[in-house]
Amino acid sequence: MVKPMPSPTSLPLRLLDWYDRNARLLPWRARPGEMADPYRVWLSEVMLQQTTVQAVAPYFLRFLERWPSVHALAQAPVEDVMHAWAGLGYYARARNLHKCAQVVSEWREGHFPDDEDALRKLPGIGDYTAAAIAAIAFGRRAVVMDGNVERVMARLFAVREPLPAAKPTLKGHAASLTPETRPGDYAQAVMDLGATICTPRNPACGLCPWMDACEGRKLGIEESLPAKVEKAEKPTRHGLAFWTVRKDGAVLLRRRPPSGLLGGMMEVPSTPWREGGAWELEPARAEAPLNAEWRLLPGLVRHTFTHFHLEMRLATARTGNNPLARGIWCPLDQLGDQALPTIMRKLVRHALAKAY
DNA sequence: TAATCGTGGAT
DNA sequence: TATCCAAGATT
């Protein structure tokens with residue numbers, strides 16, 4: 001029995017051929033032959049940073065409808081952008097998105113730079129996004145490295161060195177394959193391949209246009225690649241939030257500092273989040289947004305961030321018409337208009353279920 | 001360089 | 001329930 005020889009067609013061309021037959025229909029993707037809109041490419045790529053296609057799609061469509069151009073987005077109040085971004089996570093992206101829109105709108109007359117180096121200088125655009133925009137929106141040859149490309153290259157070339165140390169090696173391999181023609185389609189093709197065929201678990205090697213060339217598969221180690229260094233265990237932090245109901249029914253919220261965790265988003269006022277045990281009501285009073293008769297509600301709200309678990313207790317109190325408090329009184333029926341991240345929406349739901 | 005920074009779906 | 005992980009950027 002003769003082993004089938006690899007196809008004589010180059011790897012990039014085989015992948016482009018596969019892409020022409022299998023490209024996914026995504027809301028931000030230009031139709032074949034259509035010119036890509038740099039604004040849409042940029043908006044989608046920023047949203048897609050560390051975020052799934054499924055999560056991004058509705059946000060992308062809402063943003064595009066509300067702010068159809070970079071000028072429109074630049075002129076929007078940043079609070080509106082934060083609110084529209086709520087639930088998508090990594091909120092620094094929303095602030096940088098708005099900053100970037102203002103730079104492009106004001107200083108560049110609405111035109112995004114068409115090369116990688118200039119794109120890289122804009123807020124919220126790093127190595128990956130600069131390369132992706134240059135390739136997809138402007139047809140430039142750029143080596144686009146994301147998690148998919150890293151995984152595909154690690155398997156194709158059987159790179160055993162663990163991430164993140166292996167990144168330069170993997171980029172070298174990616175560069176060796178990146179073609180001059182159709183670089184935007186090629187970049188999206190590798191990412192589609194990683195997302196649908198060369199998946200982290202149970203890769204569908206039988207459907208892969210690069211199967212015969214894959215060194216990882218030849219060695220039977222494809223599913224163990226890319227290797228990664230072990231991650232530290234997540235600690236658990238504890239907080240106690242204060243649900244304050246004014247006589248007219250409004251509740252007290254406040255805006256978080258502009259940078260750091262959940263930067264610029266709204267929150268239910270709370271104690272600091274600390275390790276080393278849950279807050280009791282008595283010491284927590286000192287952290288309350290105002291003096292009141294706090295009562296501890298039953299239950300616990302749990303949430304997990306990138307690097308720690310959070311367990312929140314909830315205390316409630318009622319106040320008169322004009323209490324002295326630092327924050328924003330929000331009528332119950334306007335909670336949906338606030339830039340509340342998911343953890344805060346969980347707290348609100350818990351309060352509405354237990355405090356009335 | 002190594003931390004920090006969200007969320008939800010899949011397994 | 002616990003862990004992984006996704007079209008990464010910033011400091």
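Just so it is clear: chains get the letters A, B, ... in the order the sequence lines come, proteins before strands, and each one is counted from 1. FYI, side chains are in, hydrogens and waters are out, and symmetry mates aren't considered; it's all heavy atoms of this structure.
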Quiz item: Do the side-chain N or O atoms of A/H303 get closer than 4.0 angstrom to the phosphate oxygens (OP1, OP2) of B/dG6?
Solution: no
Practice problem: Measure from the side-chain heavy atoms of A/Q54 and tell me the nearest of B/dC5, C/dA7, B/dG9. | Solution: B/dG9
Quiz item: Is there a donor and acceptor pair, one atom on the side chain of A/T306 and one on the base of B/dG6, closer than 3.5 Å?
Solution: yes
Quiz item: Counting any heavy atom closer than 4.0 Å, what does A/I125 reach on the DNA or RNA strands: base, sugar-phosphate only, or nothing?
Solution: sugar-phosphate
Quiz prompt | Parallel, tilted or perpendicular: rings of A/F305 and A/H303 (30°, 60°) | solution = perpendicular
Quiz item: For A/W28, which contact category applies under a 4.0 Å heavy-atom criterion: base, sugar-phosphate, or nothing?
Solution: base
Quiz prompt | Minimum-distance nucleotide to A/L26 side chain [options: B/dG6, C/dA7, B/dT7] | solution = C/dA7
Self-check item: Closest listed nucleotide, where the reference is the side chain of A/R201 and the choices are C/dA6, B/dT7, C/dC4
Solution: C/dC4
Quiz item: Taking OH from A/Y128 and P from C/dA6, how many angstroms apart are they, rounded to a whole number?
Solution: 13 Å
Self-check item: A/R62 NZ/CZ over A/Y59 ring centroid, <6.0 Å and within 45° of normal
Solution: yes
Exercise. Looking at every strand, decide which applies to A/I133 at a 4.0 Å heavy-atom threshold: base, sugar-phosphate, or nothing.
Key: nothing
Practice problem: Quick one: label A/G263 by what it contacts on the DNA or RNA (base, sugar-phosphate, nothing), any heavy atom closer than 4.0 Å. | Solution: nothing
Quiz prompt | A/Y90 OH - C/dA9 P separation (whole Å) | solution = 12 Å
Quiz prompt | Distance test, side-chain N/O of A/T51 to OP1/OP2 of B/dG6, below 4.0 Å | solution = no
Quiz item: Going by an N to O cut-off under 4.0 Å, is there a salt bridge joining A/E116 and A/R140?
Solution: no
Quiz item: Which part of the nucleic acid, if any, lies within contact of A/R29, taking any heavy atom under 4.0 Å across all strands shown: a base, the sugar-phosphate backbone alone, or nothing?
Solution: base
Quiz prompt | Path from A/L347 to A/L240 over hydrophobic side-chain contacts below 4.5 Å | solution = no
Exercise. Answer yes or no: is there an ion pair linking A/E280 with A/R285, defined by an N-O contact shorter than 4.0 Å?
Key: no
Quiz item: What is the nucleic acid contact for A/T342, judged by heavy atoms within less than 4.0 Å: base, sugar-phosphate only, or nothing?
Solution: sugar-phosphate
Quiz prompt | Sugar-phosphate only, base, or nothing, as touched by A/P341 at under 4.0 Å among non-hydrogen atoms | solution = sugar-phosphate
Exercise. Take atom CG of A/L88 and atom P of B/dT7, then tell me their distance rounded to the nearest Å.
Key: 10 Å
Practice problem: May I ask you to decide whether A/D80 forms a salt bridge with A/R66, counting only side-chain N to carboxylate O separations under 4.0 Å? | Solution: yes
Quiz item: What nucleic acid atoms does A/T304 come within less than 4.0 Å of, heavy atoms only: base, sugar-phosphate, or nothing?
Solution: base
Exercise. Using whole Å, report how far CD of A/E223 lies from P of C/dC4.
Key: 15 Å
Practice problem: Rounded to the nearest angstrom, tell me the gap between atom CE in A/M47 and atom P in B/dG8. | Solution: 15 Å
Practice problem: Over 60° means perpendicular and under 30° means parallel, so classify the ring planes of A/Y186 and A/W210, tilted if in between. | Solution: tilted
Quiz item: Roughly how far apart, to the nearest Å, are C/dT11 and B/dG6 at atom P?
Solution: 14 Å
Practice problem: Examine B/dC5: is either OP1 or OP2 under 4.0 Å from a nitrogen or oxygen in the side chain of A/H307? Give yes or no. | Solution: yes
Quiz prompt | Side-chain N,O (A/R151) to OP1/OP2 (C/dA6) below 4.0 Å | solution = yes
Quiz item: Is the shortest side-chain N/O distance from A/Q50 to OP1 or OP2 of C/dG8 below 4.0 Å?
Solution: yes
Quiz item: Taking the P atom of each, how far is C/dA7 from B/dC5, in whole Å?
Solution: 23 Å
Quiz item: Taking atom P of C/dG8 as reference, at what distance in whole Å does atom NZ of A/K228 sit?
Solution: 10 Å
Quiz item: Does A/R24 make a side-chain donor-acceptor contact with the base of C/dA7, cut-off 3.5 Å?
Solution: yes
Exercise. Measure from CD on A/Q49 to P on B/dT7 and round the result to the nearest Å.
Key: 16 Å
Practice problem: Mind calculating the distance between CD (A/E311) and C1' (C/dA2) to the nearest angstrom? | Solution: 14 Å
